[in-house]
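The first residue in the sequence is number 1, and the count goes up from there. Treat the numbers as computed from the prediction; the structure is a model and nothing was measured.
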Amino acid sequence: MKNFGGLLLALLLLAGAFEARAQKFGWVDSEFIMAKMPDYAKAQQELNAMSDTWQREIEAQKKDLDKLYRNYQAEEVVLTEPMKKKRQDEILKKEQDIKAYQNKQFGYEGQLFKKRQELNKPVQDKVFEAVEKVAKKKQLAVLFDKSGDMTMLYTNPAHDYTEFVLEELGLGAEDRNQPGPKGAVKTVTPPKTPTDPNFESDSGAPEPASATKPVAKPQRATKKSPK
């Protein structure tokens, strides 16, 4: 019974190996695909504009903080202890406010993070739909993303379906995945045999003339009888 179980397991593993070998797979570069999409470029422009606005606001707040600190240093010698404490608390609160605003806009799950998800999701959905269509058309069992978290040490260009996805999105290059252009059929005229009897071939021997001359038959010499 134990031997039968081992044999059954070996048969299952062998069948799985044949099935895996029969399955087709491929890979795509999602970052390259999205970089070709106008919607993605528009989303990046909007994100960059928002990021620049928030960064300028933070820089302005830092300048205000620096001004508070320089004024405090200049007037410290004439301030009473309660006044110093009040100024120091103002500076500390300003620093905390700047950090809180920076985290709110640029931190994890901040405004920029949420806005990026909001603007990129429609683009990613289009890419996923196109990938699914290509996988079904090409009968692929698995499609990997070269731009994903999984490290791909080697990618065979023969399994690259990136251009097919671009074609599905209407962004394919005209010179990709198309049969090569057929050239015009040229008729080659065979060379004529030279008729000049003095013409020499590659072997150095004279070529025979096209017209043959009749060869005269040799005459027999008559033998004289001795007298």
Side-chain angles (χ1 to χ4, degrees), residues 25-135 142-155 159-173:
F25 65 92
W27 59 271
V28 297
D29 190 341
S30 62
E31 287 186 0
F32 180 81
I33 294 171
M34 289 192 295
K36 295 284 186 178
M37 301 175 67
D39 292 345
Y40 182 76
K42 183 179 179 181
Q44 298 311 303
Q45 290 177 357
E46 185 173 347
L47 288 171
N48 291 337
M50 296 175 65
S51 176
D52 291 342
T53 300
W54 292 332
Q55 189 62 41
R56 285 195 297 268
E57 291 176 356
I58 293 174
E59 293 300 327
Q61 293 178 20
K62 286 183 178 180
K63 287 182 180 180
D64 293 340
L65 174 63
D66 184 65
K67 184 178 180 180
L68 286 175
Y69 186 71
R70 283 189 285 105
N71 289 341
Y72 171 75
Q73 285 183 321
E75 300 172 3
E76 183 179 9
V77 292
V78 296
L79 296 176
T80 62
E81 289 300 322
M83 295 175 65
K84 288 182 181 180
K85 181 69 169 55
K86 183 180 179 181
R87 291 285 191 91
Q88 291 172 358
D89 290 343
E90 289 178 357
I91 293 172
L92 181 61
K93 185 177 184 305
K94 189 68 175 179
E95 288 179 348
Q96 293 174 346
D97 291 344
I98 293 174
K99 289 181 180 180
Y101 184 78
Q102 190 169 2
N103 290 331
K104 178 183 176 182
Q105 305 302 338
F106 297 102
Y108 179 69
E109 293 188 352
Q111 294 299 318
L112 185 63
F113 177 84
K114 294 177 180 178
K115 196 65 178 179
R116 182 181 290 111
Q117 284 188 324
E118 176 188 342
L119 295 177
N120 288 346
K121 189 178 184 306
V123 179
Q124 292 173 344
D125 290 343
K126 290 181 181 180
V127 174
F128 293 153
E129 290 176 5
V131 167
E132 185 177 4
K133 290 180 180 179
V134 170
V142 181
L143 259 179
F144 300 99
D145 184 6
K146 186 178 180 181
S147 307
D149 296 332
M150 183 177 61
T151 303
M152 301 180 70
L153 299 178
Y154 172 75
T155 53
H159 301 296
D160 183 6
Y161 288 85
T162 301
E163 192 65 29
F164 290 100
V165 176
L166 287 172
E167 287 181 358
E168 195 67 39
L169 292 167
L171 302 171

Could you check whether any side-chain N or O of [X] sits under 3.5 Å from a backbone N or O of [Y], counting only pairs where one atom can act as donor and the other as acceptor?
{"X": "Asn48", "Y": "Gln44", "answer": "yes"}
{"X": "Asp39", "Y": "Val123", "answer": "no"}
{"X": "Thr162", "Y": "Asp29", "answer": "yes"}
{"X": "Ser30", "Y": "Ser147", "answer": "no"}

Salt bridge [X]-[Y], side-chain N to carboxylate O under 4.0 Å:
{"X": "Asp66", "Y": "Lys62", "result": "no"}
{"X": "Lys115", "Y": "Glu118", "result": "yes"}
{"X": "Lys146", "Y": "Glu31", "result": "no"}
{"X": "Glu81", "Y": "Lys84", "result": "yes"}

Rounded to the nearest 0.5 Å, how far does [atom2] of [Y] lie from [atom1] of [X]?
{"X": "Arg87", "Y": "Asn71", "atom1": "CZ", "atom2": "CG", "result": "6.5 Å"}
{"X": "Leu166", "Y": "Met37", "atom1": "CG", "atom2": "CE", "result": "9.0 Å"}
{"X": "Phe144", "Y": "Tyr161", "atom1": "CZ", "atom2": "OH", "result": "12.5 Å"}
{"X": "Leu112", "Y": "Leu47", "atom1": "CG", "atom2": "CG", "result": "6.0 Å"}
{"X": "Gln73", "Y": "Leu68", "atom1": "CD", "atom2": "CG", "result": "12.0 Å"}

CA sep, side-chain torsions, deciding dist, call: Lys93, Asp89, salt bridge (Lys or Arg N to Asp or Glu O under 4.0 Å) = CA-CA 6 Å; Lys93 185 177 184 305; Asp89 290 343; over 6 Å; no
Taking the side chain as every heavy atom from C-beta outward, state whether [X] and [Y] have any atom pair closer than 4.5 Å.
{"X": "Thr155", "Y": "Asp160", "value": "no"}
{"X": "Met34", "Y": "Gln124", "value": "yes"}
{"X": "Gln117", "Y": "Lys121", "value": "no"}
{"X": "Gln111", "Y": "Met50", "value": "no"}
{"X": "Glu167", "Y": "Val134", "value": "no"}
{"X": "Ile58", "Y": "Tyr101", "value": "yes"}
{"X": "Gln102", "Y": "Trp54", "value": "no"}
{"X": "Ile91", "Y": "Lys94", "value": "no"}

Would you please say whether a donor-acceptor pair under 3.5 Å links the side chains of Gln61 and Glu57?
->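 Short answer, no.
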Is a side-chain donor-acceptor pair under 3.5 Å present for Gln88 with Tyr72?
->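 Yes.
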Exceeds 12 heavy-atom contacts within 6.0 angstrom, atom [atom1] of [X]:
{"X": "Lys36", "atom1": "NZ", "result": "no"}
{"X": "Lys85", "atom1": "NZ", "result": "no"}
{"X": "Tyr69", "atom1": "OH", "result": "no"}

Assign the ring pair Phe113 / Tyr108 to parallel, tilted or perpendicular, where the plane angle (0 to 90°) is split at 30° and 60°.
-> tilted
Minimum heavy-atom separation for Ser51 to Phe106, with atom names?
->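 So the two residues come closest at OG-CE2, 3.4 Å.
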Going through the distances and angles, do Asp52 and Gln55 end up as a side chain to side chain contact (heavy atoms under 4.5 Å, CB included)?
-> CA-CA 5 Å; Asp52 291 342; Gln55 189 62 41; 5.6 Å; no
